Amino acid sequence: IDTRGNDAPALAANGTRTFVMTGRCGVPSGAVAVAANVTVTGATAAGSVRIGPAGTTPSLDTLPFRSGQTRADNAILGLFGTPTGSVVVVSNIPSGTVHLVVDVNGYWQ
């Protein structure tokens, strides 16, 4: 996932987006979770992103950030939601946008 390029545009304030993780970048269709480095950059306001299996409403902040800050953290992302093989990203910011980059390091089947 890279909202600065192929997965543009940036995440909008209080928005929700679903991204397919399987069948991309070597992650097979049978994967149930991925190990990933999650990065936010170019935020125009302070907030956080929440990531969880598609079809759910993630309740825990995956990565908090301040305006203009680039932050990264490791995460295990479950892919068992609907649609299968996807994650949902909730941008918890009051206004503006933030870019998201997710680099997959491995997966579980």
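Computed from a predicted model, the values in this text were never measured in an experiment.
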Heavy-atom pair with the smallest gap, counting every atom of P64 and R71
O-NH1, 2.7 Å

Decide if atom CG of N74 counts as having more than 12 heavy atoms of other residues, nucleotides or ligands within a radius under 6.0 Å.
yes

Show your reasoning for whether side-chain contact (heavy atoms from CB on, under 4.5 Å) applies to N105 and N37.
CA-CA 7 Å; N105 300 312; N37 185 49; 4.3 Å; yes

Against L100, only a single residue in T39, D2, V38 fulfils side chain to side chain contact (heavy atoms under 4.5 Å, CB included); can you say which?
V38

Do you reckon V88 sits in the same ILVMFWY cluster as V101, going by side-chain contacts under 4.5 Å, direct or chained?
no

Value rounded to 0.5 Å, distance of CG in L79 from OG in S29
11.5 Å

Say you draw a straight line from OG1 of T62 to CG of D73; how long is it, rounded to the nearest 0.5 Å?
9.0 Å

S86 side-chain N/O to T18 backbone N/O, donor-acceptor pair under 3.5 Å:
no

If we ignore hydrogens and angles and just use 3.5 Å, is the side chain of T97 paired with the main-chain N or O of A12 as donor and acceptor?
no

Specify the closest pair of heavy atoms between S95 and T44, including all atoms of both residues, with the distance to one decimal.
O-OG1, 4.0 Å

How long is the span from the CG atom in L11 to the CD1 atom in I93, to the nearest 0.5 Å?
7.5 Å

The reported gap from OG1 in T84 to CE in M21 (rounded to nearest 0.5 angstrom) is 14.0 Å

Locate the shortest heavy-atom distance separating S48 from D61; write the atom from each residue and the value.
OG-OD1, 2.9 Å

Any chance you could lay out the side-chain contact (heavy atoms from CB on, under 4.5 Å) test for V27 and V34, step after step, and finish with the verdict?
CA-CA 8 Å; V27 179; V34 294; 4.0 Å; yes

Is a side-chain donor-acceptor pair under 3.5 Å present for H99 with T3?
yes

Residue pair W108 / A35: nearest heavy atoms and the distance that separates them
CZ3-N, 3.6 Å

